[in-house]
Amino acid sequence: MRILFMGSPDFAIPSLSALLDAGENVVGVVTQTDKPKGRGYVLTPPPVKVFAQERGIPVWQPRTLRDEQFDALLKQLDPELIVVVAFGKILPASVLSYPRFGCINVHGSLLPKYRGAAPMQRCLIDGCAETGVTTMFMDEGLDTGDMLLSQAVPIGPDDNFEDIHDSLAAAGADLLIRTVQSLKAGTLVRHKQPEEGVSYAAKIESADCLLDFSWPVQRVHDRIRGLSPFPLAFTRTPDGKLLKAVRSSVYSKDTPTRGPGEIVPSQDGRFLVCCGDGVLELVTVLPEGKGRMPGKDYLRGRKFPEGSRLGAGEQNG
RNA sequence: CGCGGGGUAGAGCAGUUCGGUAGCUCGUCGGGCUCAUAACCCGGAGGUCAUGUGGUUCAAAUCCCAUCCCCGCAA
């Protein structure tokens, strides 16, 4: 079966890798164009491009899928199946309808929950105990296609975005292989997505990253882990500097006597902050202009006066 | 040449504005106190202050010049 793979970030690599390892005939990879990234705007290729080239798979980076050029490419490659994993662009009907066996997508949630751009982050932020991956036949809607297979993955109390990202990427790759095999065997069954339980996971914006210490501790902790290690939840120090939270832990759920955001003195140097209904420990932080460091080390150098408060008096920066 | 922060003992920082041979909080090593301790007390080791064998100066971590490296933002 001639398979065309479409994907861009790290998340898609295990899936592509699994297809190749399974001996599938991947005729090509379509990925996003190289983009200026990082300090100095260095033109950077998408991870999938790098991986594909290492494996000797031809790569295309069309600016758009909606022109004759791409139509011609489709004809030339003549895929019987298109596999899409975190590609980052909407596929037009002309592409969706091309392959005989359709377009299969691997999505990082248990559909119909968390359709959309940031399912893993939103799920963690919401404090879910479980998530998963789902394969589906794509249609023109946003993650609304008929479901094929799914695999649940438990979420540990301290798992962060990176943990879930990695385990879902692996689970997704595994599920993809099973889906493709089932497709070839003719045993694949498609299910319409239920109307009940639909939810959307909107793209993460910087407003989503601002911490509010009047929230319950658990909620603050969930927010931090859902956004770690990227893009990272943040607050402001009393002097208006950015302080990002890389790793945290629920320190106590005793009702605090101090106000939200207030730094709690601790004998053993831990970085403790009051939340709505308890105390959170900031285990690893990232100060503006610095690298990440243990909360203890950060406090050692900063020496906040008694009663200092995080996130208060937002000084517009 | 996108914007900005920074390179000072193992760690996090101060000191640089107003040049005068290095300090804080920890860690570490040794000793003491204690039923005990992440507590306390005493003492010690550990730094060519990123690099240039650069410039200015009687004197530079501190001023000037060049280079290397790290990081945050943004994308």
Side-chain angles (χ1 to χ4, degrees), chain A residues 7-12 31-50 61-64 86-90 116-118 120-121 160-162 165 202-211 223-252 254 256 258 261-274 278-311 313-317:
Chain A
S8 303
D10 293 314
F11 187 80
T31 190
Q32 298 257 13
T33 51
D34 292 4
K35 298 200 169 142
K37 283 190 175 197
R39 238 165 271 131
Y41 292 118
V42 180
L43 209 56
T44 308
V48 161
K49 175 186 180 182
V50 177
Q61 298 176 278
R63 196 162 303 158
T64 175
F87 177 55
K89 283 188 175 180
I90 306 288
M120 298 178 270
Q121 295 94 320
N160 67 16
F161 172 46
E162 183 172 40
H165 172 278
K203 193 172 75 177
I204 300 294
E205 298 171 20
S206 84
D208 295 312
C209 302
L210 179 60
L211 292 173
R223 176 71 52 146
I224 289 172
R225 65 202 182 99
L227 298 174
S228 178
F230 185 85
L232 291 178
F234 69 93
T235 184
R236 296 260 174 198
T237 55
D239 56 339
K241 292 260 176 66
L242 203 63
L243 180 66
K244 295 190 163 193
V246 178
R247 193 165 276 281
S248 59
S249 118
V250 174
Y251 184 76
S252 112
D254 301 330
R258 294 160 187 276
E262 211 169 304
I263 297 171
V264 185
S266 108
Q267 338 69 313
D268 55 354
R270 291 168 191 270
F271 191 0
L272 306 178
V273 187
C274 270
V279 178
L280 184 80
E281 176 179 1
L282 292 174
V283 181
T284 309
V285 298
L286 177 64
E288 176 180 339
K290 298 279 187 180
R292 45 196 65 188
M293 64 180 75
K296 286 184 180 186
D297 288 356
Y298 176 70
L299 277 192
R300 203 158 281 137
R302 282 302 306 257
K303 295 167 190 161
F304 288 107
E306 177 82 30
S308 293
R309 175 173 300 207
L310 297 177
E314 283 302 305
Q315 298 180 15
N316 209 357

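A note on names: the letters A, B, ... follow the listed sequences, proteins ahead of strands, and every chain is numbered from 1.
The partner of B:rA9 cannot be assigned: no Watson-Crick or G-U wobble pair with both contacts below 3.5 Å exists in any strand. Both distances falling under 3.5 Å, in either a Watson-Crick or a G-U wobble arrangement, occur for no nucleotide opposite B:rG27. When Watson-Crick and G-U wobble pairs are counted only if both distances are under 3.5 Å, B:rA22 pairs with no nucleotide at all. The base-pairing partner of B:rG2, taking Watson-Crick or G-U wobble contacts with both distances under 3.5 Å, is B:rC73. The pairing partner recorded for B:rC35 is none, the criterion being a Watson-Crick or G-U wobble arrangement whose two distances lie under 3.5 angstrom.
Qualifying side chain to side chain donor-acceptor pair (under 3.5 Å) partners for A:E306, counting only residues two or more places apart in sequence or in other chains: A:R258. In this structure A:D34 satisfies the salt bridge (charged side-chain N to carboxylate O under 4.0 Å, His left out) test together with A:K49, sequence neighbours excluded. Taking A:K35 as the reference, A:Q32 meet the side chain to side chain donor-acceptor pair (under 3.5 Å) condition, with sequence neighbours excluded. Considering only residues two or more places apart in sequence or on other chains, A:Y251 meets the side chain to side chain donor-acceptor pair (under 3.5 Å) condition with none of them. Residues passing the side chain to side chain donor-acceptor pair (under 3.5 Å) test with A:S266 are A:D268, sequence neighbours excluded. With sequence neighbours left out, A:F11 forms a ring-ring contact (aromatic ring centres under 6.0 Å, His included) with A:H165.
Within a 6.0 Å radius of NZ in A:K89, more than 12 heavy atoms belonging to other residues, nucleotides or ligands are found.
Here A:D297 lies in heavy-atom contact (under 4.0 Å) with sugar-phosphate atoms only.
A gap of 50 Å separates the C1' atoms of B:rG55 and B:rC41, to the nearest Å. Only the P atoms considered, B:rC1 is 37 Å distant from B:rA11, to the nearest whole Å. With both ends at atom P, the span from B:rG43 to B:rA36 equals 23 Å, rounded to whole Å. Going from the P atom of B:rC64 to that of B:rG20 covers 15 Å, rounded to whole Å. A distance of about 24 Å separates the P atoms of B:rC69 and B:rA74, rounded to the whole Å. B:rC65 and B:rG54 are spaced 8 Å apart, taking the C1' atom of each and rounding to whole Å. Taking atom C1' in both B:rG47 and B:rA14, one finds a spacing of 15 Å when rounded to whole Å. Rounded to a whole angstrom, the distance from the C1' atom of B:rC26 to that of B:rA9 is 12 Å.
Here the shortest heavy-atom pairing between A:A118 and A:A202 reads CB-O, 3.5 Å.
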Just list the side-chain donor-acceptor pairs under 3.5 Å for residues 280-294 of chain A, sequence neighbours left out, or say none.
{"residue": "A:E281", "atom": "OE1", "partner": "A:R270", "partner atom": "NH1", "Å": "2.8"}
{"residue": "A:E281", "atom": "OE2", "partner": "A:R270", "partner atom": "NH1", "Å": "3.4"}
{"residue": "A:E288", "atom": "OE1", "partner": "A:L242", "partner atom": "N", "Å": "2.8"}

>> Generate the contact string for nucleotides 66-75 of chain B. Rules: B means base contact, S means sugar-phosphate contact only, - means no protein heavy atom under 4.0 Å.
In response: -----BBBBB
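Whole-Å rounding puts the A:D268 CG to B:rC40 P distance at 12 Å. Between A:R300 atom CZ and B:rU8 atom C1' there is a gap of 18 Å when expressed in whole angstrom units. The CE atom of A:M293 sits 12 Å away from the P atom of B:rG7 (whole-angstrom rounding).
Residues from residues 302-310 of chain A with heavy atoms under 4.0 angstrom of RNA chain B, sorted by number: A:K303.
Note that the CG atom of A:D10 and the CD atom of A:E162 stand 10.0 Å from one another [nearest 0.5 Å].
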